[in-house]
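Take a look at the structure below.
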Amino acid sequence: MADIDVTLLRRQAEAVLFSLGAPIEARRLAETLDIDPRLLERVIDELSESLAGHGLMVQRHDGLVQMATRPEAADAVRRLLNPEVPGRLSPAAYETLAIIAYRQPITKAGIDEVRGVDCERVLEGLLNRGLVEERGRLDAPGTPRLFGTTMRFLQLLGVERVDDLPGVPDPAPG
Amino acid sequence: MADIDVTLLRRQAEAVLFSLGAPIEARRLAETLDIDPRLLERVIDELSESLAGHGLMVQRHDGLVQMATRPEAADAVRRLLNPEVPGRLSPAAYETLAIIAYRQPITKAGIDEVRGVDCERVLEGLLNRGLVEERGRLDAPGTPRLFGTTMRFLQLLGVERVDDLPGVPDPAPG
Amino acid sequence: MNVEVRVQTDVFEGPIDLLLTLAQRQQVDLSQVRLGDLAWDYLATIREGTGSGPVRSAEELAAFLVVATRLLALKAASLLPGPNDGETEEDLESWEEQVRVRMAEYARFKEAALELMRRHAEGGFAFPSAIEAEIVPSERLAIDAGGLAGAFQAVLDRLPAPAEVEVELTRYSLTEEMDAIRARLRVAESTSFTALFDAAAGRLHAVVIFLALLELIRAGEARFRQRDVFGDIEILRGVAVADG
């Protein structure tokens with residue numbers, strides 16, 4: 001493959017993500033397109049750019065890629081598909097979600113420390129709602145579970161990547 | 001609605017079609033977007049244009065609209081998802097399909113006349129495969145059933161509309 | 001047609017279907033074919049009964065008749081008299097025209113069918129999206145990115161600034177506390193254990209002072225003595241006095 005047709009790869013990636021309609025590991029997508037994972041990064045970058053001004057976008061998170069609708073079109077989608085189950089996050093859940101979003105991956109002890117209270121129940125709620133998920137274990141005594149946000153979280157937020165969150169404070173020194 | 005934002009409508013239509021993953025009646029899509037059906041035609045035209053050079057396209061047929069992947073990406077999609085694709089047809093079936101595609105809506109008698117043989121069984125096969133469907137009845141003695149091709153037929157050939165098929169024979173003079 | 005009727009004529013040998021196709025493309029001169037021969041070939045096929053037996057369905061018979069009729073029509077059209085032959089001229093012309101149009105139309109559909117078959121075989125399918133319900137938010141959870149950032153900032157604001165914590169920690173340095181005890185023992189040969197902790201600012205400070213004392217005892221710079229069981233512990237200057 002001397003001459004790599006990035007435009008064709010972009011189209012193929014777009015078609016695959018579209019028809020899959022679910023998150024896929026970047027590694028697996030690269031395999032499907034028969035390209036190097038590093039090239040995939042470029043292909044997805046181009047796809048993301050080509051979808052500017054469209055009703056769709058590419059979301060990337062934790063080694064996963066997926067195609068999703070943009071938030072400005074969300075109302076129309078809801079109107080048609082009619083799923084609208086109103087839900088609300090408690091201030092505690094909101095705060096916990098924020099800590100996880102900006103400090104992921106983080107242990108429960110880490111969240112507790114920042115919030116100053118035990119987050120067991122709040123964390124469970126976020127896990128059940130699919131906003132947060134386990135992300136392996138910390139290599140430390142007791143190997144505590146690590147938590148991070150999900151694709152669904154990005155979806156509800158309507159952003160392409162966690163990096164697109166506004167005003168990310170500097171990482172904690174610890 | 002003094003100032004209609006066609007670009008926003010185009011994005012919304014795109015998001016809706018992606019989320020739906022199935023054909024939708026143009027009438028219903030117009031309702032969802034809260035616009036006049038005539039305006040929808042323009043919105044879909046613009047969406048179709050905006051997808052030039054992409055891996056996706058808009059298929060339109062018989063008052064239905066659907067988004068689908070472009071044929072040049074079919075291999076990649078099949079490699080990953082291995083979706084069910086229609087198997088090969090008999091020469092008689094392709095012939096019947098061609099007649100229906102170019103002369104739709106057409107009665108069984110009309111097909112028989114062109115082919116010069118009874119198409120009962122072949123037609124049944126095409127109906128079962130979802131490539132052809134009933135399209136109302138002819139306002140004539142006996143009100144015979146009319147047949148036309150389906151969205152699935154467009155997917156089989158990877159075109160946006162029946163008009164995109166090559167070498168459409170001239171309409172029969174009768 | 002399921003049954004293959006093979007015909008033998010001077011200009012063509014093979015399936016009757018193919019003969020029709022070639023005749024339509026004018027690749028076989030039908031004027032050289034005696035249609036009666038075709039009928040005989042068909043009857044012969046029936047009598048021989050290839051494999052499945054001599055019984056033919058009405059459908060197959062009809063199929064043969066249609067092909068034969070088309071051949072007949074084609075042949076008739078090609079044998080029609082010229083345009084200056086009497087009064088039925090116009091009727092004949094229009095009839096001939098009709099036959100030609102019909103044949104041409106059928107031929108075009110055959111071409112179109114081949115094109116469909118080719119495209120199908122190429123596999124350039126279009127696939128719809130198979131969306132997972134999760135992609136479409138089913139819960140109207142309006143998480144606002146700005147609000148999320150605000151919530152996190154509020155949490156950070158609640159925490160004491162990291163810089164202050166560091167100052168606290170450096171204040172209780174083990175070496176400093178050891179120096180303080182050494183200084184006491186230089187002034188007086190002994191001191192009370194509890195008096196050592198009079199200056200302790202808190203629990204953590206007290207722990208550091210105690211650790212400093214243990215360190216000095218280990219090094220031989222200090223000793224301790226308790227005269228009675230519940231009495232105060234006395235800290236004495238040790239033998240290995242470090243100067244400075």
Side-chain angles (χ1 to χ4, degrees), chain B residues 15 17-23 56-57 59 66-75 77-78 81 83 85-89 91-99 101-103 112-118 120-121 151-160 165-170 172-174, chain C residues 1-3 15 17-18 20-21 24 57-74 94 97-138:
Chain B
L17 290 172
F18 168 65
S19 310
L20 195 60
L56 310 175
M57 62 183 178
Q59 296 186 310
Q66 173 168 22
M67 246 172 109
T69 60
R70 282 190 194 272
E72 54 265 43
D75 279 349
V77 175
R78 291 180 78 175
L81 296 171
V85 294
R88 294 197 62 168
L89 307 173
Y94 284 114
E95 222 174 276
T96 307
L97 201 50
I99 294 165
Y102 290 115
R103 289 281 183 274
D112 289 356
E113 198 184 319
V114 177
R115 283 201 65 223
V117 286
D118 183 87
E120 178 89 39
R121 238 178 255 180
M151 275 285 191
R152 192 169 160 75
F153 168 73
L154 287 191
Q155 276 154 26
L156 177 85
L157 297 175
V159 295
E160 293 194 73
L165 287 175
V168 184
D170 301 319
Chain C
M1 268 190 16
N2 299 327
V3 64
D17 269 11
L18 184 57
L20 175 58
T21 305
Q24 281 166 350
S57 69
E59 195 184 326
E60 284 168 2
L61 175 61
F64 168 77
L65 287 178
V66 164
V67 173
T69 310
R70 278 167 186 274
L71 285 168
L72 183 61
L74 263 186
S94 75
E97 187 53 30
Q98 258 181 36
V99 172
R100 282 199 197 286
V101 166
R102 178 71 52 84
M103 288 304 158
E105 185 187 31
Y106 181 68
R108 270 188 299 187
F109 279 121
K110 262 201 129 77
E111 291 294 323
L114 284 175
E115 175 65 16
L116 293 190
M117 182 157 50
R118 192 185 61 74
R119 286 195 166 220
H120 186 184
E122 263 177 16
F125 302 108
F127 297 107
S129 57
I131 216 93
E132 266 183 20
E134 278 166 34
I135 297 270
V136 184
S138 61

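What you see below is based on every heavy atom in this structure, not just the backbone, and it leaves out hydrogens, waters and symmetry mates.
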> Under the criterion side chain to side chain contact (heavy atoms under 4.5 Å, CB included), which of C/M117, C/R119, C/E115, C/R118 is the partner of B/Y94?
Replying inline: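 It is C/M117, the one option of C/M117, C/R119, C/E115, C/R118 that forms the side chain to side chain contact (heavy atoms under 4.5 Å, CB included) with B/Y94.
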Examine whether an atom of [X] lies under 4.5 Å from a heavy atom of chain C, and if so say whether it belongs to the side chain, the backbone or both; otherwise answer neither.
X: B/R88; value: both
X: B/M57; value: side chain
X: B/Q66; value: side chain
X: B/E120; value: neither
X: B/L17; value: backbone

What's the shortest heavy-atom distance between [X] and [Y], and which atoms?
X: B/A98; Y: C/A112; answer: CB-CB, 4.0 Å
X: B/P71; Y: C/G124; answer: CB-O, 3.1 Å
X: C/F109; Y: B/V114; answer: CD1-CG1, 3.5 Å
X: C/G123; Y: B/A74; answer: O-CB, 3.5 Å

> Can you check whether C/S129 reaches B/M67 side chain to side chain, under 4.5 Å on heavy atoms?
Replying inline: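 No, side chains not in contact.
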Got a second to check how far [X]'s [atom1] is from [Y]'s [atom2], nearest 0.5 Å?
X: B/L165; Y: C/L116; atom1: CG; atom2: CG; answer: 6.5 Å
X: B/I99; Y: C/Y106; atom1: CD1; atom2: OH; answer: 7.0 Å
X: B/R78; Y: C/F127; atom1: CZ; atom2: CZ; answer: 5.5 Å

> Pick from C/E122, C/K110, C/H120: which one has the most heavy-atom pairs with chain B under 4.5 Å?
Replying inline: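 Winner by heavy-atom pair count: C/H120.
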> Between B/P91, B/G87, B/A101, which shows the greatest number of heavy-atom pairs under 4.5 Å with chain C?
Replying inline: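 Heavy-atom pairs under 4.5 Å are most numerous for B/G87.
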